[in-house]
Amino acid sequence: AVEARFLGEYRRHVAAVERPLATGDAEVALASSPFRWRRFLSDEEVDAIHDVGREAMEAGGAVEDRSAWGQPAGTWRVAYLNEGGVFERRLPQLYSKIRAAAQRVA
């Protein structure tokens, strides 16, 4: 029974990591340089983003479990904040602020 449980967990892990994350072009991302803007977002803006992220995770459709093998499911969850335009609709000014900043440093 224990062996079957570990085999099931291993299969879940393999299925999760074989799917690429739904992000932009990895080659372009790897060629870019990180940019840090100190205090770009206020504490209130960060809290609002966390609220939208929590809602996305509770809804389930915008969340992917990428937990490593041997870790309990849900240890590493990726939440896509703008899945279906949710982030843009809920926080349009903040979405525009982040998008404009990304375009300036691109």
Visitor: Compile the donor-acceptor pairs under 3.5 Å between side chains in residues 46-53 and protein atoms, sequence neighbours left out, one pair per line.
Guide:
residue	atom	partner	partner atom	Å
Asp51	OD1	Arg54	NH2	2.7

Visitor: What are the two closest non-hydrogen atoms of Asn82 and Phe87, and how far apart are they?
Guide: OD1-N, 3.1 Å

Visitor: Hey, are Arg99 and Glu88 close enough for a salt bridge, meaning a charged N less than 4.0 Å from a carboxylate O?
Guide: no

Visitor: Measure the spacing between CD1 of Ile98 and CD of Glu45 and express it to the nearest 0.5 Å.
Guide: 7.5 Å

Visitor: Quick check: does any side chain N or O of Lys97 sit under 3.5 Å from a backbone N or O of Phe40, one acting as donor and the other as acceptor?
Guide: yes

